[in-house]
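Here's the structure we're looking at; comments come further down.
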Amino acid sequence: MLGQLGVGLAKTRDGLLGAIRRLLPANRKMTPELCEDLETALLAADLGAASAASLMESVRESVRQSGEADAASVRKVLKASIAERLRRPGGSEAVPPSQGASPHVVLLVGINGVGKTTTVGKLAALYRREGKRVVLVAGDTFRAAAGEQLALWGQRVGADVIKHKAGADPAAVAFDGLAAARARKADVVLVDTAGRLHTRSNLMDELRKTKRVLEKGMPGAPHEVLLVLDATVGQNGLAQARLFHDALGVTGVVLTKLDGTAKGGIVVAIAGDLGLPISYVGVGEGVEDLQVFDPDAFVEAMLGEE
Ligand code: GDP
């Protein structure tokens with residue numbers, strides 16, 4: 001698990017550790033210039049201005065107390081401070097439990113191309129590995145290929161797929177999908193959604209409607225609203241997250257394509273600046289490349305020793 005995450009985060013790790021080693025040979029004194037250079041390295045990894053500033057405050061404080069400003073000590077302080085920011089109450093070790101509700105209904109949202117449909121497939125695989133009965137709902141009726149893509153995932157992982165014709169009302173698909181899942185006694189329902197609509201309809205209104213329909217179909221549903229974000233878009237992801245969160249009440253973020261970027265620090269910005277938990281990370285296109293987010297494993301992969 002750590003190995004795969006390590007490979008996925010290699011670019012971020014090389015960028016950050018490289019900068020720390022370059023800037024901090026053994027026993028160098030911490031000067032204001034050095035602090036500034038370090039902060040720039042954190043910003044380059046996309047940790048976000050607020051997080052970078054407050055992490056540097058932790059570094060300065062630790063150097064003041066211990067007098068140690070070498071690369072190893074600074075790396076240790078950064079690791080501990082980042083892990084603390086990423087840890088959410090209750091931890092996130094397992095696939096979220098349904099808390100008694102059956103089926104456990106998950107609505108996945110996000111703009112086009114972030115990896116939403118792929119994430120639905122990978123998440124289905126994760127639940128299937130736990131022996132759960134999974135139903136996939138093809139709510140992206142705007143993109144014709146999305147339904148077919150989902151049908152393929154269903155075959156691949158052994159999940160039923162509920163699908164209407166292209167252009168159908170997404171909320172109606174969600175309603176039928178939930179009803180079918182309940183009739184089939186599914187454990188988990190994963191609802192894919194569109195990331196783009198015909199110009200005249202408003203995406204957020206449409207998604208709100210889908211959410212309402214799920215609520216109506218089953219009190220308490222959806223139990224999770226997962227926002228899928230592409231890590232390679234960097235700080236733009238934060239603006240997207242705010243928009244979706246305001247409209248829908250996001251419960252967790254899935255950060256995809258971490259393997260393609262040196263900006264893995266966006267995880268810290270999302271968790272720290274937005275206060276939204278990271279639920280899963282995508283570190284590749286394969287079916288196994290979605291991982292339940294583990295803050296300690298993440299920090300180890302990003303800043304741990306070789
Ligand atoms: P959607 O429009 O949001 O549903 O996006 P798709 O699921 O169709 O994915 C868009 C592209 O991103 C596809 O080529 C996926 O294989 C790719 N993708 C998704 N997740 C990851 C990931 O974690 N890493 C990489 N490298 N590619 C990914």
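Just so you know, ligand 1 is whichever comes first in the structure, and atom 1 is the first atom listed for that ligand.
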For atom 12 (O) of ligand 1, tell me which residue out of K116, K257, Q291 has the closest non-hydrogen atom. K257

At what distance is the nearest protein heavy atom to atom 7 (O) of ligand 1, and which residue and atom is it? T118 OG1, 2.6 Å

As an exercise, identify every atom of ligand 1 less than 4.0 angstrom from a heavy atom of R143. 1 (P), 2 (O), 4 (O), 8 (O)

Do ligand 1 and T119 have nitrogen or oxygen atoms that lie under 3.5 Å from each other? no

Between S66 and S62 (side chain of the first, backbone of the second, donor and acceptor by atom type, cut-off under 3.5 Å), is there such a pair? yes

Quick one: does T256's side chain have a donor or acceptor within less than 3.5 Å of a partner on V114's backbone? yes

Is the backbone N or O of R133 less than 3.5 Å from a side-chain atom of R184, with the two atoms forming a donor-acceptor pair by type? no

Show the atoms of ligand 1 that are less than 4.0 angstrom away from any heavy atom in V283. 23 (O)

Does any non-hydrogen side-chain atom of L136 lie less than 4.5 Å from one of V120? yes

Please check: side-chain N/O of R13 versus main-chain N/O of G6, any donor-acceptor pairing under 3.5 Å? no

Looking only at protein heavy atoms, which one is nearest to atom 8 (O) of ligand 1, and how far off is it? Q149 NE2, 3.1 Å

Could you tell me which atoms of ligand 1, counted from 1 in the order shown, lie closer than 4.0 angstrom to a heavy atom of G282? 23 (O)

Do the ring planes of H223 and H104 sit parallel (below 30°), tilted (30 to 60°) or perpendicular (above 60°)? parallel

Starting from atom 2 (O) of ligand 1, find the nearest protein heavy-atom neighbour and note its residue, name and distance. G113 N, 2.8 Å

Just go through A146, G115, G110, G284 and tell me whose heavy atom is the nearest to atom 22 (C) of ligand 1. G284

Quick one: look up the protein heavy atom nearest atom 27 (N) of ligand 1 and list residue, atom name and how far away it is. E285 CG, 3.2 Å

With the 4.5 Å side-chain cut-off for hydrophobic clustering, are L108 and Y127 part of the same group? yes

Closest protein heavy atom (residue, atom, distance) for atom 26 (N) of ligand 1: D259 OD2, 2.8 Å

For L290 versus L126, what's the shortest heavy-atom pair and its separation? O-CD1, 3.4 Å

Protein heavy-atom partner closest to atom 20 (N) of ligand 1 - residue, atom, separation in Å: K122 NZ, 3.7 Å

